[in-house]
Peer 1: 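This is the structure I want to talk about, given as structure tokens.
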Amino acid sequence: MEIERKFLIKELPDLSKYDYVEIEQGYLCTHPVVRIRKKNDKYILTYKGSGLMAREEIEANLTEEAYRHLAEKIDGHLITKRRYLIPLDPYTIELDVFSGHMKGLIMAEVEFPSVEEANSFTAPGWFGEDVTDDRRYHNSEMIYDNPLK
């Protein structure tokens, strides 16, 4: 089960002190979500169930060859982003700085062990609008349109 909230960012922290990963991902299907992802040198196939804040998520490893084969079949645009990993005890903020057709979008995701913790979370002051319930900010929707335009 994946339980996460998503936020736009109104002010970036100093990112130079945080680790990051380079991510590219594409979607083979959006209802249900079937995603392929390259995360640095790891390749992953993901199934996500329905829902906005809480939903089922199943992952399986892919070979690079399988990833490249499936990448030729994605719908819409490939999403590319740099994900910074920012500790916020006891959580980790995943701060995504998008490039490609989503250039200009910066969004944070925070994952939680329970819906109760997600609902009681107080975001840091540098976070902006909570867009968890706005489907336009789900990556599976952004393969077609940039919500900033």
Side-chain angles (χ1 to χ4, degrees), residues 1-62 67 71 74-149:
M1 178 68 70
E2 175 187 62
I3 303 166
E4 70 181 8
R5 289 181 56 192
K6 297 173 180 267
F7 299 86
L8 297 179
I9 300 302
K10 63 182 178 184
E11 180 182 330
L12 276 177
D14 175 10
L15 298 177
S16 66
K17 56 187 172 185
Y18 301 112
D19 291 334
Y20 63 85
V21 293
E22 299 290 345
I23 295 174
E24 67 177 34
Q25 62 193 41
Y27 291 81
L28 301 168
C29 184
T30 57
H31 301 291
V33 170
V34 179
R35 175 186 76 199
I36 57 170
R37 174 181 273 177
K38 177 180 185 271
K39 189 173 177 182
N40 286 342
D41 60 352
K42 288 184 67 178
Y43 303 90
I44 304 159
L45 174 72
T46 305
Y47 164 84
K48 291 187 177 199
S50 61
L52 295 173
M53 185 173 70
R55 59 188 176 162
E56 179 182 19
E57 180 178 77
I58 301 168
E59 293 188 339
N61 291 325
L62 290 172
Y67 174 85
I74 65 167
D75 295 336
H77 297 279
L78 187 71
I79 291 180
T80 55
K81 57 190 174 182
R82 177 172 283 179
R83 173 168 285 172
Y84 292 89
L85 305 171
I86 303 172
L88 180 69
D89 193 35
Y91 312 112
T92 298
I93 298 167
E94 296 177 337
L95 180 74
D96 292 339
V97 179
F98 290 82
S99 54
H101 84 288
M102 295 302 301
K103 187 174 179 150
L105 178 62
I106 302 171
M107 192 166 57
E109 297 178 356
V110 182
E111 290 195 22
F112 303 92
S114 70
V115 171
E116 294 76 25
E117 282 190 50
N119 286 330
S120 65
F121 176 70
T122 301
W126 53 275
F127 277 29
E129 179 185 358
D130 182 338
V131 294
T132 302
D133 294 327
D134 188 337
R135 287 193 180 278
R136 295 176 302 156
Y137 291 97
H138 281 253
N139 286 253
S140 59
E141 298 291 327
M142 293 188 298
I143 61 173
Y144 302 113
D145 294 309
N146 183 333
L148 298 178
K149 295 181 179 176

Peer 1: Do Tyr18 and Tyr84 have their ring centres less than 6.0 Å from each other?
Peer 2: no
Peer 1: Going by heavy atoms in the side chains, are Met107 and Val131 under 4.5 Å from each other?
Peer 2: yes
Peer 1: Hey, what do you get for CD (Glu141) to CG (Asp134), rounding to the nearest 0.5 Å?
Peer 2: 10.0 Å
Peer 1: Is the closest basic N to carboxylate O distance between Lys38 and Glu24 below 4.0 Å?
Peer 2: no
Peer 1: Quick one: sort the Tyr91 and Phe121 rings into parallel, tilted or perpendicular, breaks at 30° and 60°.
Peer 2: perpendicular
Peer 1: Which distance, rounded to the nearest 0.5 Å, do you find between the CG of Asp133 and the CE of Met53?
Peer 2: 7.5 Å
Peer 1: Quick check: are there more than 12 heavy atoms from other residues, nucleotides or ligands sitting under 6.0 Å from CG of Asp19?
Peer 2: no
Peer 1: Nearest 0.5 Å, please: how far is CG in Leu15 from CD1 in Ile86?
Peer 2: 5.5 Å
Peer 1: How far does CG of Leu105 sit from OG of Ser99, to the nearest 0.5 angstrom?
Peer 2: 11.0 Å
Peer 1: Which heavy atom in Glu4 sits nearest to a heavy atom in Phe112, and how many Å separate them?
Peer 2: CA-CD1, 4.3 Å
Peer 1: Considering only heavy atoms from C-beta outward, does the side chain of Pro124 approach that of Ile93 to under 4.5 Å?
Peer 2: yes
Peer 1: Please lay out, stage by stage, how Glu56 and Ile58 fare under the test side-chain contact (heavy atoms from CB on, under 4.5 Å).
Peer 2: CA-CA 7 Å; Glu56 179 182 19; Ile58 301 168; 3.4 Å; yes
Peer 1: Ignoring hydrogens and angles, tell me if any N or O in the side chain of His101 forms a donor-acceptor pair with the backbone of Met142 under 3.5 Å.
Peer 2: yes
Peer 1: Supply the atom-to-atom distance Ile143 CD1 to Ile79 CD1, rounded to the nearest 0.5 angstrom.
Peer 2: 7.0 Å
Peer 1: Would you name the heavy atoms of Thr132 and Asp130 that are closest together and state the gap between them?
Peer 2: OG1-OD1, 2.7 Å
Peer 1: Kindly indicate whether the side chain of Lys6, heavy atoms from C-beta on, has any atom under 4.5 Å from the side chain of Asn139.
Peer 2: yes
Peer 1: Can you name the closest pair of heavy atoms from Ala54 and Val115 and give their distance?
Peer 2: CB-CG2, 4.2 Å
Peer 1: Can you see which heavy atom on Arg55 is nearest to which on Val33, and at what distance?
Peer 2: NH1-CG2, 4.1 Å
Peer 1: Between Glu22 and Lys39, is there a salt bridge with N-O shorter than 4.0 Å?
Peer 2: no
Peer 1: Would you mind checking if Glu109 and Arg5 are paired as a salt bridge, meaning a charged N to carboxylate O distance below 4.0 Å?
Peer 2: no
Peer 1: Working note: Leu95 + Ile9, criterion side-chain contact (heavy atoms from CB on, under 4.5 Å); need CA distance, chi angles, decisive distance, verdict.
Peer 2: CA-CA 9 Å; Leu95 180 74; Ile9 300 302; 3.5 Å; yes
Peer 1: How close do Gly100 and Thr80 get, counting heavy atoms only, and between which atoms?
Peer 2: N-OG1, 3.7 Å
Peer 1: Got Asp75 and Leu28 here, is their nearest side-chain heavy-atom distance under 4.5 Å?
Peer 2: no
Peer 1: Would you sort out whether Ile44 and Tyr67 count as a side-chain contact (heavy atoms from CB on, under 4.5 Å), showing the intermediate values?
Peer 2: CA-CA 8 Å; Ile44 304 159; Tyr67 174 85; over 6 Å; no
Peer 1: Does a side-chain heavy-atom distance below 4.5 Å link Ile36 with Leu62?
Peer 2: yes
Peer 1: Report yes if the side chains of Glu111 and Ile3 come closer than 4.5 Å at any heavy-atom pair, otherwise no.
Peer 2: no
Peer 1: Counting C-beta onward and ignoring hydrogens, is there a side-chain heavy-atom pair between Glu59 and Arg35 closer than 4.5 Å?
Peer 2: yes
Peer 1: Is it true that the NZ or CZ of Arg82 lies under 6.0 Å from the centre of Tyr20's six-membered ring and within 45 degrees of the ring axis?
Peer 2: yes
Peer 1: Are Arg37 and Leu45 packed together at the side-chain level, in the sense that at least one heavy-atom pair is separated by less than 4.5 angstrom?
Peer 2: no
Peer 1: If you take all heavy atoms of Glu11 and Trp126, which pair is closest and at what distance?
Peer 2: O-CB, 3.2 Å
Peer 1: To the closest 0.5 Å, what do you measure between OH (Tyr27) and CD (Gln25)?
Peer 2: 4.0 Å
